[in-house]
Amino acid sequence: MLTLKYIQENKEEAIAKLKIKNLDATDIIADILAKDEGRKRTQKEQDESLAVMNSISKEVGQLFKTGKVEEANKAKEKSGQLKEQAKNLGQKLTQIESELHNLLVQLPNIPHETVPPGKGEDENVTVREAGKMPELHSEAMPHWDLAKKYDIIDFELGVKITGAGFPVYKGKGAKLQRALINFFLNENEKAGFTEIMPPLVVNEASGFGTGQLPDKEGQMYHVGIDNLYLIPTAEVPVTNIYRDVILTSKDFPVKHTAYSSCFRREAGSYGKDVRGLNRLHQFEKVEVVAIEHPAKSYETLDSMVKHVESLIQKLGLPYRLLRLCGGDLSFTSALTFDFEVYAAGQDKWLEVSSVSNFESYQANRLKLRFKEEGQKKTQLAHTLNGSALALPRIVAAILENYQTPKGIKIPDELIKYCGFDIIN
RNA sequence: GGAGAAAUGGCAGAGUGGUCGAAUGCGGUGGUCUUGAAAACCAUUGUACGGCAACGUACCGGGGGUUCGAAUCCCUCUUUCUCCGCCA
């Protein structure tokens, strides 16, 4: 959520920058500013009524104590009217505040100045491309066929037990999952991220804090009976650790990593993009989360991008790094870099990581603030996160790129984690 | 799931209708003393909104109510603890 202060002080800039996200915010911002004026006026009126009431109440107490009952009763009458007035103003205020809030949550985050304009993914900018493209043998196939051939991932079985998008990993397929999770967690820890094992279901306040609610409500599995949501990413519980927290500047940087299963309804996505491991309802992911001083958040974003890049390099996968354009940027992000790996068996680039700086957008919802050492004033922190990494598409790329006529070789770095060096 | 008890500032803990944004202790910060440190002593130490400021207003788990006035009384929800039941 953008802060009112920012909108007030940078109205034109906000409108101009939101155009990069292909949004004309002119009307909504005008609306917000008008509502806020109303809010101020109403609150001032209410404060004044309450102030008078408070002083009358004090008087009444004094009068009763000194035995001036008649005067006291007169004063009581007076405050009866004020009470009514204050109550009405209070209701009006609640109304305005909720309207204002509803408007504010409709505004997405302001994109960073380096975000290129563009409508959708075709206009993302490739920052760099690296890694060696594999040379496949003539019998090479996409991962869904490999999974079947070596009996390591069973999609049909998942359909039987749960439904489409919930694969069953078997034997070396299951071990490969475990190996990747450990590999990623260890590497992240070495890079200074402390490990968290969070709850996989969260309450409404947490969903709101990181921005999934209200705008992505339909994308989360909802446990109605308890009003809880299955997490779409560990970002949600981990970032919400810091909801309603005031840090001091020396706490920075806060860096966490967490492995979790992720659950996404993916309502409305069909077609061949969803084949095999390309898009699932449940998948495993290791996430990195950082909370930073506003002056340093872009430095930290860079270091997170480099770290994720090193993971992909260690797995020996060809990849490209994209700077997302305005049209492809998520609602809450100010700047996002995506990593895609090349999956040779299906001749496709697959997104495996998204590393973003949310600046103070999430922090404002979370009320995640900090104090500069020695200062009294609080200000909003910056939050960042990235996948490091999401497993299914990494597995898809490993299976496809490392396939040989004799079986699927395991990348060197992973052998010690797997306990085997080939799937055959 | 059943029965009972509780929820107050960073922590501990007092406060049962007005003088309470809240005693006291610990912790934090600044200072005095000291070569330095400790101890002692002094001062200071919640958040938000409005206001140039003085200051005003709100917040004692959340919401609602009674009252001229609520941390304090009532209702309700949530959470925690104890006991019982069930259980990985």
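Remember, it's a predicted structure, so these values are computed and weren't measured experimentally. So you know, we letter chains A, B, ... as the sequences are listed, proteins then strands, and number each from 1.
Rounded to an integer number of Å, the gap from CG of A:Leu63 to P of B:U19 is 15 Å. The separation between A:Lys58 atom NZ and B:G17 atom P is 19 Å, rounded to whole Å. Computed from coordinates, the A:Ile56 CD1 to B:G18 C1' distance equals 15 Å when rounded to whole Å. Atoms CG (A:Leu82) and P (B:U57) sit 13 Å apart, rounded to a whole Å. In this structure, CD of A:Gln8 is placed 12 Å from C1' of B:G50, rounded to the nearest angstrom. Rounded to whole Å, atom C1' of B:U66 lies 11 Å from atom NZ of A:Lys87. Between A:Gln91 atom CD and B:G64 atom C1' the separation is 12 Å, expressed in whole Å. Distance, A:Lys40 NZ to B:G56 C1': 16 Å, rounded to whole Å.
Qualifying side-chain hydrogen bond (donor to acceptor under 3.5 Å, both in side chains) partners for A:Ser353, counting only residues two or more places apart in sequence or in other chains: none. With sequence neighbours excluded, no residue forms a side-chain hydrogen bond (donor to acceptor under 3.5 Å, both in side chains) with A:Ser55. Partners of A:Phe64 under the ring pair (Phe, Tyr, Trp, His ring centres under 6.0 Å) rule, at least two apart in sequence or in another chain, do not exist in this structure. Evaluation of the ring pair (Phe, Tyr, Trp, His ring centres under 6.0 Å) rule for A:Tyr417 yields A:Phe183 as partners, not counting sequence neighbours. A:Phe193 is linked by a ring pair (Phe, Tyr, Trp, His ring centres under 6.0 Å) to A:His307, counting only residues two or more places apart in sequence or in another chain. A:Phe337 pairs by the ring pair (Phe, Tyr, Trp, His ring centres under 6.0 Å) definition with nothing, not counting sequence neighbours. Under the rule for a side chain to side chain contact (heavy atoms under 4.5 Å, CB included), the partners of A:Glu97 that lie at least two apart in sequence or sit in another chain are A:Arg39, A:Leu93. Partners of A:Leu63 according to the side chain to side chain contact (heavy atoms under 4.5 Å, CB included) rule, which considers only residues two or more places apart in sequence or in another chain, are A:Lys68, A:Glu71, A:Ala72.
B:A5 and B:C86 have their P atoms separated by 24 Å, given to the nearest Å. Nucleotides B:U8 and B:G21, compared at atom C1', are 11 Å apart to the nearest Å. Taking the C1' atom of each, B:C73 and B:A3 are spaced 25 Å apart, rounded to whole Å. The gap from the P atom of B:U72 to that of B:G62 amounts to 11 Å, rounded to the nearest Å. Across the C1' atoms, B:U16 and B:A22 are found 14 Å apart, a figure rounded to whole Å. Taking the C1' atoms as reference points, B:C74 lies 7 Å from B:U66, given to the whole Å. B:G31 and B:G13 have their P atoms separated by 33 Å, with the value rounded to a whole Å. With both ends at atom P, the span from B:C59 to B:A71 equals 7 Å, rounded to whole Å.
Where A:Gln43 and A:Glu48 meet RNA chain B, the nucleotide closest to each residue was compared, and A:Gln43 sits on the side nearer the 5' end.
Nearest to the side-chain atoms of A:Ala51 among the listed nucleotides B:U57, B:G18, B:C49 stands B:U57. With B:G65, B:C49, B:A58 as the choices, the nucleotide that has an atom nearest any side-chain atom of A:Leu50 turns out to be B:A58.
Annotation: ring-ring contact (aromatic ring centres under 6.0 Å, His included) contacts involving residues 224-247 of chain A, sequence neighbours excluded, comprise A:His222-A:Tyr229, A:Tyr242-A:His256.
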Dump the pairs, protein N or O against N or O of nucleotides 69-74 of chain B, anything under 3.5 Å, distances to one decimal.
from, atom 1, to, atom 2, distance (Å)
B:G69, O4', A:Ser57, OG, 3.2

Can you tabulate the close N/O pairs, meaning under 3.5 Å, that link protein atoms to atoms of nucleotides 44-48 of chain B?
from, atom 1, to, atom 2, distance (Å)
B:U47, OP1, A:Lys371, NZ, 2.4
B:U47, O3', A:Arg369, NH1, 3.1
B:A48, OP1, A:Arg369, NH1, 3.2
B:A48, OP1, A:Thr378, OG1, 2.5

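Counting heavy atoms from C-beta outward, A:Glu48 and A:Met53 have side chains that stay 4.5 Å or more apart.
Taking a cutoff of 4.0 Å between a charged side-chain nitrogen and a carboxylate oxygen, A:Lys314 and A:Glu413 do not qualify as a salt bridge. Under a 4.0 Å N-O distance rule, the pair A:Asp154/A:Lys170 qualifies as a salt bridge. In summary, A:Lys190 and A:Glu187 engage in a salt bridge, as defined by a charged side-chain N under 4.0 Å from a carboxylate O.
Secondary-structure annotation of RNA chain B gives the stems B:1-7 with B:78-84, B:10-12 with B:24-26, B:27-32 with B:40-45, B:46-50 with B:55-59, B:61-65 with B:73-77, with a stem taken as at least 3 successive Watson-Crick or G-U pairs whose two distances both fall under 3.5 Å.
Heavy atoms of A:Ala75 sit nowhere under 4.0 angstrom from any nucleic acid atom.
No N or O donor and acceptor, one from the side chain of A:Asp47 and one from the base of B:G50, sit under 3.5 Å apart.
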